Amino acid sequence: MVRRTDGRVPNTRRLLAAGLLAAVLAGCGGGSRDGGIGDDLSSVRTEAATSGTASTDGAAAATSADGPDATGIDGSGLEDCDDVAMITASVQGPLRRTQNYPSGLQGAVWQYGSQFDTYGGYWLDRDNGGTIMVGFTDDIEQHTAALSALPPSTEYGDVEDMTPLGQRDDLVLEVVQVTFSERELMAAEGRISRATWDQELGIYGYGIDVKRNRVNLVVENPPPGALAEIAASVPPKFGLGVVCVELTITAPPPTGTLQVLPDLRDPDPIVACWGAPPKPYSELTAWQPIDEVDHPAVDVFRDELEARQSDPSPRPLSQGDWAVVHIGEDLVRFVLDGGEWQEEAAVERRGDRWLWAGEGSGPRCEPAVVLPEGLGRVEVHLDPDNLPGPDDVEITLLVTEQGCASGREMGDALRGPEVVETAEAVVVAFAVVPVAGAANCPDNPPTSVTITLSEPLGDRAIRDGLYFPPKTVTTESP
């Protein structure tokens, strides 16, 4: 089935054509800058051609030619990308959230659209069963009919079934009218990037988002007046409605001495793990087998687990004794205990539906004390060249920043130590003020810190108190 909708006018009429259209390669996007097929535009925030909120029929309503509210972020007139609705499908597609259409189908859509200056790109609406969304700024009834008659493309892979897109029952396409073409978005992005590239405005990324029909700018901790300068760089022919800002303001670190260790007498402190919100340790570690949990997210998880046995794409999903580790209002997390290495998965709520959110694997999670906003975690190790003995009143530790920090020396960004001595252990805590803005991720250098004890170490263990239970500090290489 191929459907046509107007992405600019709420409750607009739609044309339902016979059959349907579809096709996107790996992931959720189409219409890449280099003209290739298969780019995942979910990693490049590019706003869809309309600049308004979603209409009741799933399309998006456009703003005036002057763009969004003149006040905007910080009085600049620019909108936050989170406030710009994505253009979504009004008809349900046939795919699981982890599936893609064959490349021959998506290739046909891209080949057709890229011929036109009015083409606004295509993308896969995974929240609505993988409906292929295709945008144009002109007559969408004409494009709907043309797409319906297209056969699959043989240029991007072997195609056995050459049934035209509009006569298939295994694909869904919706054609929507958008405000800006993909070429206009790229032209606007180019003008903005050239005008701001060498300026200290806090811009860390440029892109286009066909799902929102916008130029997207990633901005972190902009200096005073920077957003107004960015707004001034927007080509007047498009107006401010062509751009949105993905804005991050880093929280300032807490002042004073570091005070993050929980009461060591508390057997059930607040900790976090597996991406779950902070909660008491006893709740976080009380995993429930999925067979014992009645929840719609568990039903979605079971369906995906079963489907992956016959169709492992995009990756196999391990079979075993999966358990629920967190149930929240909008997110449920699952874990498969594999000893030191574990699998995890998540299902999230989108509107009134629960949908697969992804899966991964990694080392077994160690519940950790939650740091205040403005502080990041560090690794703590003994210095192998200066190991403490029972008679020592000083211990030397190597502290290494965990986050991406471009390999910097921490210097004054290091906070701590906070030290609590008991009869059984010396419990320490450190933190760091993270880099404000983007940073590369090479290995970070360790910082040597010497701690003076109130009495000789004796047979007491040295432990990192930001884990629970507190983790014994070793000489493992940082």
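Residue numbers start at 1 and run along the sequence shown. No experiment lies behind these values; they were computed from the predicted model shown.
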Novice: With sequence neighbours left out, which residue pairs that include part of residues 296-319 fulfil the ring pair (Phe, Tyr, Trp, His ring centres under 6.0 Å) condition?
Specialist: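 Checked against ring pair (Phe, Tyr, Trp, His ring centres under 6.0 Å) - neighbours excluded - the pairs reaching residues 296-319 are F301-W322, F301-F334, F301-W356.
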Novice: Judged by atom type as modelled, is there a donor-acceptor pair below 3.5 Å linking the side chain of D337 to the main-chain atoms of G339?
Specialist: yes
Novice: From L124 CG over to R97 CZ, what is the distance, rounded to the nearest 0.5 angstrom?
Specialist: 10.0 Å
Novice: With D311, which residues qualify under salt bridge (charged side-chain N to carboxylate O under 4.0 Å, His left out), at least two apart?
Specialist: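 Listed in chain order: R96.
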Novice: What residues, two or more places apart in sequence or in another chain, satisfy side-chain hydrogen bond (donor to acceptor under 3.5 Å, both in side chains) together with T250?
Specialist: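 Once residues adjacent in sequence are excluded, the partners of T250 under the side-chain hydrogen bond (donor to acceptor under 3.5 Å, both in side chains) criterion are N221.
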Novice: Heavy atoms, side chains only, cut-off 4.5 Å: are Y281 and P262 in contact?
Specialist: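 Side-chain contact under 4.5 Å: no.
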Novice: Mind checking ring-ring contact (aromatic ring centres under 6.0 Å, His included) for Y204 and listing every partner two or more places apart, or none if nothing turns up?
Specialist: none
Novice: Quick test of your reading: applying salt bridge (charged side-chain N to carboxylate O under 4.0 Å, His left out), list the pairs with at least one residue in residues 277-299, sequence neighbours left out, ordered by first then second residue.
Specialist: D291-R302
Novice: Residues two or more places apart in sequence or in another chain: which of them pass salt bridge (charged side-chain N to carboxylate O under 4.0 Å, His left out) with E229?
Specialist: none
Novice: Side-chain contact, heavy-atom cut-off 4.5 Å: V433 with L375?
Specialist: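 Yes; the side chains approach each other to less than 4.5 Å.
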Novice: Could I get the full list of ring-ring contact (aromatic ring centres under 6.0 Å, His included) partners for W341, not counting sequence neighbours?
Specialist: none
Novice: Classify the side-chain pair T131/E174 by whether it contains a donor and acceptor separated by less than 3.5 Å.
Specialist: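 The answer is no; no qualifying pair exists.
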Novice: Answer yes or no: is there a side-chain heavy-atom contact under 4.5 Å between T137 and T179?
Specialist: no
Novice: Under the rule for side-chain hydrogen bond (donor to acceptor under 3.5 Å, both in side chains), what residues qualify as partners of T163, not counting sequence neighbours?
Specialist: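 With sequence neighbours excluded, T163 shows a side-chain hydrogen bond (donor to acceptor under 3.5 Å, both in side chains) to D161, given in chain and number order.
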Novice: Whether the side chain of S181 engages the backbone of D117 through a donor-acceptor N/O pair (distance < 3.5 Å, no angle test) should be reported.
Specialist: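 Side chain of S181 to backbone of D117, a donor-acceptor pair under 3.5 Å: yes, one is there.
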Novice: Say whether, by atom type as modelled, one donor and one acceptor occur between the side chain of E340 and the main chain of R364 under 3.5 angstrom.
Specialist: no
Novice: Applying side-chain hydrogen bond (donor to acceptor under 3.5 Å, both in side chains), can you list everything that pairs with R191, at least two apart in sequence or on another chain?
Specialist: none
Novice: What are the two closest non-hydrogen atoms of S233 and T196, and how far apart are they?
Specialist: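 Closest approach of S233 to T196: OG-CG2, 3.6 Å.
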Novice: Would you mind reporting whether P152 and R168 have side-chain heavy atoms less than 4.5 Å apart?
Specialist: yes
Novice: Using a distance-only test with no angle check, is there a side-chain donor-acceptor pair under 3.5 angstrom linking N100 and R126?
Specialist: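 Side chains of N100 and R126: pair found under 3.5 Å.
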Novice: Report yes or no: do E304 and T98 form a side-chain donor-acceptor pair below 3.5 Å?
Specialist: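 Checked: E304/T98 side chains pair up, N/O donor to acceptor below 3.5 Å.
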Novice: Roughly how far, to the nearest 0.5 Å, is CG of L78 from CG of L247?
Specialist: 10.0 Å
Novice: Provide the closest heavy-atom pair for C404 versus A439 in the form atom of the first, atom of the second, distance.
Specialist: O-CB, 3.5 Å
Novice: With sequence neighbours left out, what residues match D330 under salt bridge (charged side-chain N to carboxylate O under 4.0 Å, His left out)?
Specialist: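 Testing D330 for salt bridge (charged side-chain N to carboxylate O under 4.0 Å, His left out), a comparison that skips the adjacent residues, returns R349.
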Novice: Can you pull the salt bridge (charged side-chain N to carboxylate O under 4.0 Å, His left out) pairs that have at least one residue in residues 315-328, sequence neighbours excluded?
Specialist: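 Non-adjacent pairs meeting salt bridge (charged side-chain N to carboxylate O under 4.0 Å, His left out): R315-E343.
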Novice: Between F238 and E184, is a side chain to side chain contact (heavy atoms under 4.5 Å, CB included) present by the stated rule, with each step listed?
Specialist: CA-CA 8 Å; F238 299 121; E184 287 175 320; 3.7 Å; yes
Novice: Whether E306 and R308 form a salt bridge (side-chain N of Lys/Arg under 4.0 Å from carboxylate O of Asp/Glu) is what I want to check.
Specialist: no
Novice: Answer whether the closest heavy-atom distance between the side chains of E366 and K471 falls below 4.5 Å.
Specialist: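 Heavy-atom side-chain distance check passes, below 4.5 Å.
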Novice: May I ask you to check whether Y119 and H143 place their ring centers less than 6.0 Å from one another?
Specialist: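 Between H143 and Y119, which both carry aromatic rings, the centre distance is not below 6.0 Å.
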Novice: Run the side chain to side chain contact (heavy atoms under 4.5 Å, CB included) test on F136 and Q142 for me, step by step, so that the C-alpha distance in whole Å, both residues' side-chain angles and the decisive distance to 0.1 Å come before the verdict.
Specialist: CA-CA 10 Å; F136 289 93; Q142 173 185 334; over 6 Å; no
Novice: Quick one: pull up CD1 in I132 and CG in L173 and give me the separation to the nearest 0.5 Å.
Specialist: 7.0 Å
Novice: Using a 3.5 Å distance criterion without hydrogens, assess whether the side chain of R353 forms a donor-acceptor pair with backbone atoms of E348.
Specialist: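 Checking the backbone N and O of E348 against the side chain of R353, no donor-acceptor pair under 3.5 Å is found.
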Novice: With sequence neighbours excluded, what pairs up with Q402 under the side-chain hydrogen bond (donor to acceptor under 3.5 Å, both in side chains) test?
Specialist: E379
Novice: Check P372 against V260 and note the closest heavy-atom contact, atom names and distance.
Specialist: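 Looks like CD-CG1, 3.7 Å.
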Novice: Looking only at heavy atoms, what is the nearest atom pair of V84 and C244, with distance?
Specialist: CG2-CB, 4.2 Å
Novice: Give a yes-or-no answer on whether the side chains of S282 and D268 include a donor-acceptor pair shorter than 3.5 Å.
Specialist: yes
Novice: Return yes if some donor-acceptor pair links the side-chain N/O of E220 with the main-chain N/O of T248 below 3.5 Å, else return no.
Specialist: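 A pair under 3.5 Å: no.
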Novice: Hey, are the side chains of L147 and Y112 touching, using non-hydrogen atoms and a 4.5 Å cut-off?
Specialist: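 Yes, at least one pair of side-chain atoms sits under 4.5 Å.
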Novice: How close do R183 and S114 get, heavy atom to heavy atom, and via which atoms?
Specialist: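 Looking at all heavy atoms of both residues, the closest pair is NH2-O, 2.9 Å.
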Novice: Can you confirm whether V178 sits close enough to F180 that some side-chain heavy atom of one is under 4.5 Å from a side-chain heavy atom of the other?
Specialist: no
Novice: At what distance, to the nearest 0.5 angstrom, does SG of C81 lie from CG of N216?
Specialist: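 Result: 4.0 Å between the selected atoms.
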Novice: Quick check: do E246 and L217 have side-chain heavy atoms less than 4.5 Å from each other?
Specialist: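 Heavy-atom side-chain distance check fails, nothing below 4.5 Å.
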Novice: So, N444 side chain and G403 main chain: donor-acceptor pair closer than 3.5 Å or not?
Specialist: yes
Novice: Is atom CD of Q115 surrounded by more than 12 heavy atoms (other residues, nucleotides or ligands) closer than 6.0 Å?
Specialist: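 Correct, the count exceeds 12.
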Novice: Does this structure show an ion pair linking R350 with D127, if we count only N-O contacts that are shorter than 4.0 Å?
Specialist: yes
Novice: Quick one, I192 with V215, criterion side chain to side chain contact (heavy atoms under 4.5 Å, CB included). Give me CA distance, side-chain angles, the key distance, then yes/no.
Specialist: CA-CA 9 Å; I192 295 168; V215 174; 4.2 Å; yes
Novice: Please confirm whether the backbone N or O of R408 pairs with a side-chain atom of S406, one donor and one acceptor, at under 3.5 Å?
Specialist: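 Between the backbone of R408 and the side chain of S406 there is no qualifying donor-acceptor contact (under 3.5 Å).
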Novice: Supply the atom-to-atom distance L305 CG to I290 CD1, rounded to the nearest 0.5 angstrom.
Specialist: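 Between L305 CG and I290 CD1, I get 6.0 Å after rounding to 0.5 Å.
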Novice: Could you walk me through whether L371 and L466 pass the side chain to side chain contact (heavy atoms under 4.5 Å, CB included) test, one step at a time?
Specialist: CA-CA 9 Å; L371 290 173; L466 290 188; 3.8 Å; yes
Novice: Ignoring hydrogens, what is the shortest heavy-atom contact between G374 and P434? Give both atom names and the distance.
Specialist: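 Looking at all heavy atoms of both residues, the shortest contact is O-CD, 3.5 Å.
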Novice: Rounded to the nearest 0.5 Å, how far does OG of S361 lie from CD of Q342?
Specialist: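 Nearest 0.5 Å value for the CD-OG distance: 10.5 Å.
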